[in-house]
Amino acid sequence: MAGNKSLKDRQTRGDEEVSMLKRNDRISNDKYDEDHELSAWGEPSTHDNAEFEEGEEHERLLDPNFPDDEDIELRHIDSGRAASFDSEAAAKANEEDSPYEEVRAAVRNFDEDLPCSTIRAWTIGLSLTLVGAALNTLFSLRSPTIGIGPLIAQIISWVMGRAWEKVMPEKQISLFGVKCDLNPGPFNIKEHSIIVVMASVSFSVAYATDIILAQLVFYKQNFGIIFQLLIVISTQSLGYGIAGIMRKFLVYPASMIWPTTLVAVALMNAMYETHHVKDPTIIGGSMSRYKWFGLITILSCVYYFIPGFLAQFLSVTAIATWFAPQNAVVNQIFGGTTGLSFIPITLDWSQVAGYIGSPLIVPWHAIANTLLGVVFFFLFLASFLHYTGAWYSQFLPMSDAATYDNTGAIYNVSRVLTPQFTLDEGAYQAYSPLFISTTFAICYGLSFAAIAALVVHTFLYYSGTIWSQFWNSTHEKPDIHMKLMRKYKEAPSWWYTSLFLIILAMSLVAVLFYPTNLEWWAFLLAVAISFMFSLPIGIVAAVTSQEIGLNVLTEFIYGYIQPGRPLALMLFKTYGYITMSQALQFVSDLKFGHYMKIPPRTMFIAQVVATTISCFVQVFVLNFALANIDGICEITQPQRFTCPGGRIFFSASVIWGLIGPARVFSPGQIYSGLLTFFIIGAITPVIIYFASKRYPHSPVKYLMAPLIFGGAGAIPPATPLNYLSWGIVGYVFQFVIKKRHFRWWSRLNYLTSAGLDLGLAIGTIVIFLAFTLHDIDPPQWWGNTVVSTTMDYQGKAVQVVLPPGETFGPKVW
């Protein structure tokens with residue numbers, strides 16, 4: 001294997017078009033003929049070289065990402081063209097590369113021997129862990145929430161690492177009996193990668209903090225700081241055991257791409273370019289990739305001041321509502337805040353990428369599947385159901401996440417609670433059943449369909465592969481990245497198993513020692529649900545970057561098996577949903593480390609340490625904020641610290657845990673028809689499967705039922721405006737530009753995405769610190785005031801408003 005040979009022994013890597021499968025024989029005398037090489041990907045190898053045969057990539061686990069044989073374009077690569085990564089190190093590249101062009105465009109196919117677990121990396125990484133976890137916990141209490149992501153840590157840590165390299169003396173120190181180099185030399189890409197991994201696992205605010213908020217603020221329960229630490233650490237860390245098991249299925253196979261990791265990888269490589277060859281034939285080709293990234297970041301940051309502060313009509317440009325601001329139907333159809341946005345216009349990147357993520361990193365087939373679901377279910381079906389009066393929709397908004405009573409007012413949960421925070425059935429019968437908006441109801445139905453579709457889809461398409469990998473994972477033919485990782489010792493499975501058992505015991509202490517009302521068997525059921533769905537949902541996420549959540553499913557299950565226990569439901573949902581979600585986040589980070597060639601044992605230690613420290617930080621910051629911010633979690637809090645996450649969590653616990661799904665979805669109840677989505681979700685993958693077999697060259701082969709049903713899971717609070725604008729931008733970059741201007745896409749697409757996201761984050765934080773915290777309002781002119789005059793913005797787009805004293809809905813419930 002040539003992955004670690006010296007510079008002079010390695011082939012010079014081609015430009016962006018090296019990502020195509022062919023090489024021109026003018027680059028090297030020992031390259032294969034193009035026709036021979038093309039057939040080698042589709043036929044069994046006849047080579048005698050065992051290593052070559054072992055490394056062939058025959059398994060197309062995720063066919064939508066793999067180019068069709070008839071679509072493979074044979075492109076010649078001239079030796080004078082720019083290297084893919086504009087780096088001297090690119091000359092070290094192997095001829096062998098990933099069979100997936102997304103990976104080839106972002107990931108280097110060689111490794112370098114560089115120090116990784118250094119005192120510099122740990123000091124910077126843990127420092128950013130402390131600061132990032134604290135700030136994000138504080139900002140999570142604000143509405144709208146502001147987040148500092150790993151991308152910002154990636155930029156800041158580069159500056160800190162370079163400063164350390166220049167300032168710190170070159171000497172050894174003793175730390176816990178181990179000698180360490182205080183300044184191990186130039187700040188390198190592997191140290192940087194470890195820091196980004198620490199930020200990735202620590203910057204996300206623990207889901208369990210919303211349980212703490214619901215307890216302390218809304219239920220007025222306080223089990224103490226030890227209980228808070230137990231549930232936060234256990235819910236954040238239980239997924240490590242699952243991640244360790246899933247490595248062979250979700251990390252090692254080349255077809256498990258994990259598109260979101262490619263942005264960080266592309267940016268990381270751009271930051272360490274040492275040699276730049278101009279390519280004036282493409283836009284941005286005359287500058288280094290890192291300079292391009294910096295330019296996009298600055299432009300994105302400066303531009304956001306326009307739609308975010310100076311001219312807010314550019315954010316939601318619902319022109320029709322401006323001409324009829326008090327017409328309920330117009331606002332329902334064309335509104336972008338609580339409407340369906342039939343004419344989706346926005347010039348605000350936060351609207352495009354805020355809820356769903358950047359469309360520049362999601363494969364086009366995944367975007368198309370998601371758009372198909374949005375258009376059919378949220379434009380046409382929602383319109384049909386709403387205007388035919390289904391679910392008493394004429395008395396309710398078209399799209400929002402609130403709950404309503406039979407007068408059209410917000411559901412007053414205090415009227416149905418006993419002093420023990422259980423359901424007062426008499427008060428419930430005397431008050432009102434629960435109602436939700438049309439898109440909210442459809443969202444629940446699609447959640448049911450997505451889960452059923454996911455199970456059937458995984459069985460039809462991947463059951464054989466999963467079974468084969470389970471029994472023959474040690475004999476799988478690796479790609480170049482897996483080969484390069486063989487030089488490092490793998491983190492043994494017993495590390496993951498031991499950690500899982502320790503955290504499991506910690507979880508049982510929290511659940512059983514304190515009066516949570518959650519039975520031990522129910523807790524184990526929640527963990528089993530997380531484990532069972534980690535693989536199928538992980539496969540979908542690895543292909544499409546879209547993760548299907550289990551929050552509704554876990555609420556549904558527990559609401560039926562043990563109704564009337566809101567705190568127990570919150571815990572069941574967290575252990576059943578977040579354990580899986582955290583496991584997939586850890587797997588995604590492992591894939592990032594796999595691409596960056598980080599030793600697996602170093603990855604394990606960095607992830608566990610950063611996660612644990614961040615849990616302590618988040619609990620202490622949360623309690624500090626609750627004790628020191630006046631009026632926190634009140635709707636009228638001046639700085640908008642209204643605790644939106646905790647408030648929604650509390651409402652969900654009442655709906656699913658207190659009232660329960662039996663009173664909402666069971667036969668005879670208002671929303672019982674949504675249960676048919678389970679059947680629809682199970683049948684659809686079967687239809688698609690046999691249709692793709694019957695018509696193998698038709699677009700049907702790209703349909704993915706779990707994405708069609710579950711891709712738009714953020715609606716509400718997201719709206720079709722967010723998804724439609726996201727899809728339009730995705731079509732431009734991931735289909736048109738990728739197909740017609742592949743060299744630009746291969747070189748700058750992911751960096752453009754990273755620059756847009758980072759610029760938006762910086763602009764948002766600057767506006768928050770400079771204006772919001774100082775009560776400085778946006779300029780009062782037409783471009784800002786026209787938006788707030790519409791029923792869409794005000795959330796009042798309801799066709800029928802009842803006079804006081806009248807009600808709608810069933811007479812008996």
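Reckoned from all heavy atoms, side chains included, excluding hydrogens, waters and symmetry mates. All values derive from a computational prediction rather than experimental measurement.
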Whether N136 side chain and F203 backbone form a donor-acceptor pair below 3.5 Å: yes

Contact between I212 and V232 at the side-chain level, heavy atoms closer than 4.5 Å - yes or no? yes

Under a 3.5 Å threshold, yes or no: a donor from one side chain and an acceptor from the other, between S753 and S358? yes

Can you confirm if the NZ or CZ of K166 lies within 45° of the ring axis of F187 and under 6.0 Å from the centre of its six-membered ring? no

Intermediate values then yes/no, side chain to side chain contact (heavy atoms under 4.5 Å, CB included), M580 and I242: CA-CA 8 Å; M580 179 216 69; I242 300 175; 5.8 Å; no

For L230 and A510, work out which heavy atoms get closest and say how close. CB-CB, 3.8 Å

Residue among Y514, F223, F572 satisfying side chain to side chain contact (heavy atoms under 4.5 Å, CB included) with L567: F223

Nearest 0.5 Å, please: how far is CE in M198 from OG in S157? 10.5 Å

Name all pairs fulfilling the side-chain hydrogen bond (donor to acceptor under 3.5 Å, both in side chains) condition that reach into residues 226-238, sequence neighbours left out, sorted by first residue then second. Q228-N623, S234-Y575

Does F604 form a ring-ring contact (aromatic ring centres under 6.0 Å, His included) with Y496? I'd like the steps, not just the answer. CA-CA 9 Å; F604 176 86; Y496 288 96; 4.9 Å; yes

Within the side chain of Y240, is there an N or O that forms a donor-acceptor pair under 3.5 Å with the backbone of Q607? yes

Donor-acceptor check, side chain of S534 to backbone of S530, threshold 3.5 angstrom: yes or no? yes

Closest contact, heavy atoms only, T602 versus C116: CG2-SG, 4.1 Å

Quiz question: by atom type and distance under 3.5 Å, do the side chains of Y207 and S581 form a donor-acceptor pair? no

In sequence, state the C-alpha distance, the side-chain angles, and the governing distance for L262 and I361, and then conclude on side chain to side chain contact (heavy atoms under 4.5 Å, CB included). CA-CA 8 Å; L262 298 179; I361 65 175; over 6 Å; no

Salt bridge (Lys or Arg N to Asp or Glu O under 4.0 Å) evaluation trace for D111 with R486: CA-CA 11 Å; D111 187 19; R486 284 176 174 169; over 6 Å; no

Indicate the atoms forming the closest heavy-atom contact of C633 with V217, along with that distance. CB-CG1, 3.7 Å

Short side-chain to backbone donor-acceptor contact, Q618 and C615, under 3.5 Å: no

Enter the distance from L571:CG to S507:OG here, rounded to the nearest 0.5 Å. 10.0 Å

If the threshold is 4.0 Å, N to carboxylate O, is there a salt bridge linking K597 and D113? no

Test side chain to side chain contact (heavy atoms under 4.5 Å, CB included) applied to Y577 and L553, step by step: CA-CA 9 Å; Y577 165 41; L553 178 66; over 6 Å; no

Donor-acceptor check, side chain of N269 to backbone of V107, threshold 3.5 angstrom: yes or no? no

State, yes or no, whether a side-chain contact exists between K190 and P115 at a heavy-atom distance under 4.5 Å. no

Assign the ring pair Y595 / H481 to parallel, tilted or perpendicular, where the plane angle (0 to 90°) is split at 30° and 60°. perpendicular

Establish, yes or no, whether a centroid distance under 6.0 Å links the rings of Y304 and W349. no

Shortest non-hydrogen separation from T612 to F616 and the atoms involved: O-CD1, 3.2 Å

Could you tell me whether the side chain of L126 reaches within less than 4.5 Å of the side chain of V609, counting heavy atoms only? yes

Provide the closest heavy-atom pair for I598 versus M603 in the form atom of the first, atom of the second, distance. CG2-CG, 3.6 Å

T554 side chain to L550 main-chain N or O, any donor-acceptor pair under 3.5 Å? yes

Got a second to check how far W726's CH2 is from N722's CG, nearest 0.5 Å? 11.5 Å

Going by atom types only, do T752 and W292 share a side-chain donor-acceptor pair under 3.5 Å? yes

Measuring from I195:CD1 to Q154:CD, what's the distance to the nearest 0.5 Å? 10.0 Å

Going by atom types only, do H192 and Y272 share a side-chain donor-acceptor pair under 3.5 Å? yes

Between the main-chain N or O of I296 and the side-chain N or O of S300, is there a donor-acceptor pair closer than 3.5 Å? no

Roughly how far, to the nearest 0.5 Å, is the CG atom of D757 from the CD1 atom of I762? 11.0 Å

If only atom types and distance count, is the side chain of W258 paired as donor or acceptor with the main-chain N or O of L250 below 3.5 Å? yes

Check for a donor-acceptor pair, side chain of K573 on one end and backbone N or O of E555 on the other, with a separation under 3.5 Å. no

Just by modelled atom types, is the L360 backbone N or O under 3.5 Å from a matching donor or acceptor in the N749 side chain? yes

Kindly indicate, with the supporting measurements, whether the criterion side chain to side chain contact (heavy atoms under 4.5 Å, CB included) is fulfilled by F592 and V196. CA-CA 10 Å; F592 172 78; V196 171; 4.3 Å; yes

According to salt bridge (charged side-chain N to carboxylate O under 4.0 Å, His left out), does anything in residues 489-501 pair up with another residue at least two apart or in another chain? List the pairs. R247-E490

Taking all atoms of both residues into account, what is the closest heavy-atom pair of G538 and L584, and its distance? CA-CD2, 3.7 Å

Gap between atom CD1 of I155 and atom CE of M271 - 0.5 Å precision: 4.5 Å

